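What follows is a set of notes on a single structure, which appears directly below.
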Amino acid sequence: MLINTQEKFNSVIPKLLSCVDPCVDTETNGLNSFGTTSTQGHRIIGISIDDGTEAYYFPFRHQIGVNLPMECLEFFRTYLSDPNRVFGGFNYKFDQLMLYADGIPFAPNIEDAMLALHLVNENEENFKLKDTCDRYGIGKGSLEESILLEKCGHKKDRMGELDPTDVEPYACDDVRLTRMLLDLLKPALVHQNLYYIWKQVNYYSYITTQMERRGLCLDVDLIKTYQAEAKEHQEAALSKLYDMAGYKINPNSSKQVCAFLGVKSSARDILDTIIDAGGEAAEKAQAVIEARGWLSVDTRYYTPYMKMMDINNTLHCSLNLIGTISGRLSCSNPNLQAVARPTNVFKVKDVFIARAGYTLVSADYSQAEMRLACYYAHEDTMAELIRNGEDIHSTTAEALDIPRSAAKRINFGVIYGIGAEALHKQLRIDKKTAQQYLNKYHGMYPQFRVLLGQTERYADQYGVIELWTGRRRHFNVQHAYTHKAMSNLIQGGVAEIMRTAISRLYPAISNLHGYMLLQIHDQIICEIPDDKLDIALPTIKAVMEDFNFDPRMTVDISYGKRWGDMQNWSDEI
DNA sequence: TAACAGAGTAAA
DNA sequence: CCAGTTTACTCTGTTA
């Protein structure tokens with residue numbers, strides 16, 4: 001039902017107010033509510049709400065036809081941020097950010113059908129509302145959508161150019177379908193014992209939305225300095241390469257580099273092999289790496305950051321709760337979970353700074369995956385090393401009489417079931433030696449192999465494995481290979497530890513007027529007021545370590561004004 | 001010219 | 001017929 005006059009609006013207000021679980025969707029003129037230095041933030045053009053009996057569309061910014069007066073948005077400011085209502089949505093994080101851009105605060109209680117879908121079946125071919133409803137036999141197909149997309153040239157962000165009358169059927173369809181999907185998925189969640197997890201994940205969505213909203217502050221002057229420096233090095237590295245090759249070789253073209261070096265792949269590990277061997281080819285390979293580094297540090301970090309930041313020099317990524325099969329978060333636009341670790345070339349972390357009056361705090365779990373693997377596998381030999389605070393790589397290397405690099409690789413790889421083939425490629429040693437190292441390793445720590453087999457057999461037999469929280473990873477579909485079950489158990493398990501910790505930590509950090517900015521799998525980045533650091537640091541450590549695994553989860557904390565320049569903190573001092 | 005696959009590289 | 005896993009992004013080079 002189209003609500004585009006004050007009279008109609010007044011008549012539906014009582015219906016909205018009597019609904020405690022409205023389903024909400026927004027139509028917008030784009031995907032980015034924050035805007036960039038060169039583009040304005042996108043805005044809501046209308047809001048649709050299903051109150052359980054009827055669906056309404058409230059148009060505000062259509063370029064033609066009759067809109068509701070903007071004053072009516074005032075009602076939604078309180079209504080849509082009401083902590084006493086539960087808002088149903090599909091990828092509601094997106095709608096919340098859009099609503100926020102119109103001054104509507106985030107509502108803490110949400111029920112997101114997309115998150116429910118991912119919990120019930122993380123193997124879905126996609127997580128689009130209409131496609132999902134088609135697959136589950138809900139609604140009357142994507143008829144409304146296809147008609148509408150036809151009208152606006154197949155671009156949803158141009159829906160504002162249409163009359164509200166044309167958009168209403170589509171917009172109302174979305175909220176009706178969302179409610180139907182929620183009604184379908186809730187019993188499935190209950191049946192799989194996932195309902196409580198879902199409520200938690202909805203809250204996690206609320207927290208991560210706040211992280212996106214806050215964003216990370218950039219030191220623009222330093223970016224420009226680093227860009228200029230990178231450009232100089234690029235030119236030097238390229239001219240050196242051109243001299244060597246005798247023509248203008250492109251270091252990013254694997255074809256050209258392969259021809260230049262007489263190899264079949266120009267990937268980094270192949271180039272490293274050539275460098276190991278020494279000689280003239282080694283110099284060539286070194287020059288390619290040098291040039292690639294100075295080119296990519298700019299094209300992959302500085303330049304995109306300058307383009308993507310908002311007018312306050314703030315960078316807002318997207319934290320995706322359904323981006324992975326294992327239950328980890330994924331991060332995009334930009335991917336701040338994959339910012340290069342600091343080197344002479346990649347000084348990228350330096351350009352992320354704390355806002356005035358705040359300090360950045362990084363808290364990361366030490367050896368989280370290995371600890372969880374020990375816990376699951378009852379691998380007591382390794383567990384004892386960890387409990388005693390030993391360097392597990394060095395100790396392993398000494399005990400087995402293998403290089404430390406090999407011990408380190410196996411320690412990381414064993415969680416994923418590494419074999420001789422992969423180890424020989426990574427360490428650039430022959431396959432026989434790799435197999436010997438593995439045999440020694442599994443002789444010393446026999447339980448990892450046992451867990452690998454057990455988890456795989458369990459997944460084969462039951463088609464599903466359960467993480468320590470009760471979250472499930474399903475293997476009862478094609479292309480869900482059970483040899484990955486242990487990896488998923490550990491990776492997903494750490495993700496659940498992180499989710500639990502962040503959910504517990506959020507109220508504490510908010511009370512101190514601090515902010516969480518980012519989650520990087522086993523690490524969080526926060527921004528804490530300078531005068532609250534003394535309280536915040538021990539609190540963060542205590543909350544994050546508050547689990548009952550053996551060996552226990554421990555957290556290393558560092559703090560500073562730049563991400564690239566942090567000092568370690570210890571509460572002993 | 002746009003779309004796509006493949007190679008390469010960043011993180012945990 | 002997968003054999004360390006989970007991602008996101010940029011570039012090259014070919015194809016529609």
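Remember, predicted model here, so these are calculated numbers, not experimental data. Naming: A, B, ... by sequence-line order, numbering from 1 per chain.
Summarising the geometry, the separation between CG on A/Asn488 and C1' on C/dT6 is reported as 8 Å, rounded to the nearest angstrom. Straight-line distance from the OH atom of A/Tyr301 to the P atom of C/dC11: 13 Å, rounded to whole Å. Nucleotide C/dA3 holds its C1' atom 12 Å from the NZ atom of A/Lys431, rounded to whole Å. Summarising the geometry, the separation between CD1 on A/Ile520 and P on C/dA8 is reported as 15 Å, rounded to the nearest angstrom. Per the geometry, CZ belonging to A/Arg449 stands 18 Å off P belonging to C/dA3, to the nearest Å. To the nearest angstrom, C1' of C/dT10 lies 13 Å from CE of A/Met308. Summarising the geometry, the separation between CD on A/Gln519 and P on C/dT7 is reported as 14 Å, rounded to the nearest angstrom. Atom-to-atom, CG of A/Asn411 to C1' of C/dT5 comes out at 17 Å; the value is rounded to the nearest Å.
Under 3.5 Å, the side chains of A/Gln523 and A/Ser362 contain a donor-acceptor pair of N or O atoms. Looking only at atom types and distance, the side chain of A/Thr455 has no donor-acceptor partner in the side chain of A/Tyr376 under 3.5 Å away. A/Asn250 and A/Ser253 form no side-chain donor-acceptor contact under 3.5 Å, judged by distance and modelled atom types alone. The closest side-chain donor-acceptor pair between A/Ser318 and A/Asn333, if any, does not fall under 3.5 angstrom.
Counting non-hydrogen atoms under 4.0 angstrom, A/Val494 reaches nothing in the nucleic acid. Across all strands, A/Ile325 comes closer than 4.0 Å only to sugar-phosphate atoms, never to a base (heavy-atom distances). Contact annotation for A/Gly419: backbone-only contact, meaning every heavy-atom pair under 4.0 Å involves sugar-phosphate atoms and none involves a base.
Not a single donor-acceptor contact under 3.5 angstrom links the side-chain atoms of A/Gln491 to the base of C/dT6. Applying the 3.5 Å distance criterion, the base of B/dA12 shares a donor-acceptor pair with the side chain of A/Arg328.
Ring centroids of A/His393 and A/Phe412 are separated by less than 6.0 Å, placing the two rings close together. For A/Tyr305 and A/Tyr302, the distance between ring centers is not under 6.0 angstrom. When ring centroids are compared, A/Phe549 and A/Trp468 come within the 6.0 Å threshold.
Near DNA chain B, meaning a heavy atom under 4.0 Å away, the residues from residues 242-275 of chain A are A/Ser254, A/Ser265, A/Ser266, A/Ala267, A/Arg268. Contacts with DNA chain B (heavy atom under 4.0 Å) in residues 113-129 of chain A: none are found. The stretch residues 466-485 of chain A has no heavy atom under 4.0 angstrom from DNA chain B at all.
Between A/Ser326 and A/Asn333, the one whose closest nucleotide on DNA chain C sits nearer the 5' end is A/Ser326.
Comparing the C1' positions of C/dC1 and B/dA7 gives a spacing of 24 Å, expressed to the nearest Å.
Side-chain proximity of A/Arg300 to the nucleotides C/dT6, C/dT10, B/dA12 is greatest for C/dT10.
Ion pairing between a basic and an acidic side chain is recognised when a charged N comes within 4.0 Å of a carboxylate O; A/Glu212 and A/Lys93 show such pairing. Between A/Arg328 and A/Glu369, at least one side-chain nitrogen of the basic residue sits less than 4.0 Å from a carboxylate oxygen of the acidic one, meeting the salt-bridge criterion.
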Check: A/Leu315 and A/Met308: side-chain contact (heavy atoms from CB on, under 4.5 Å), yes or no, with the steps?
Finding: CA-CA 7 Å; A/Leu315 205 47; A/Met308 296 172 97; 3.9 Å; yes
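Sorted by first then second residue, the ring-ring contact (aromatic ring centres under 6.0 Å, His included) pairs that include residues 473-497 of chain A, not counting sequence neighbours, number zero.
In the helix from B/dT1-C/dA16 to B/dA12-C/dT5, the terminal helix axes, each the rotation mapping four pairs' C1' atoms onto the next four within five end pairs, subtend 0°, rounded to 10°.
The heavy-atom pair separating A/Ile497 from A/Phe547 by the smallest distance is O-CZ, 3.5 Å.
In this structure A/Ala406 satisfies the side-chain contact (heavy atoms from CB on, under 4.5 Å) test together with A/Ile402, A/Pro403, A/Leu427, A/Tyr437, sequence neighbours excluded.
A sub-4.0 Å separation between OP1 or OP2 of B/dA11 and a side-chain N or O of A/Arg341 is present. Neither OP1 nor OP2 of C/dT7 sits under 4.0 Å from any side-chain N or O of A/Ser332.
Panel note: side chain A/Arg473, backbone A/Asn488; no donor-acceptor pair is recorded below 3.5 Å.
Distance check, rounded to the nearest 0.5 Å: CG of A/Asp298 to NE2 of A/His233 gives 12.5 Å.
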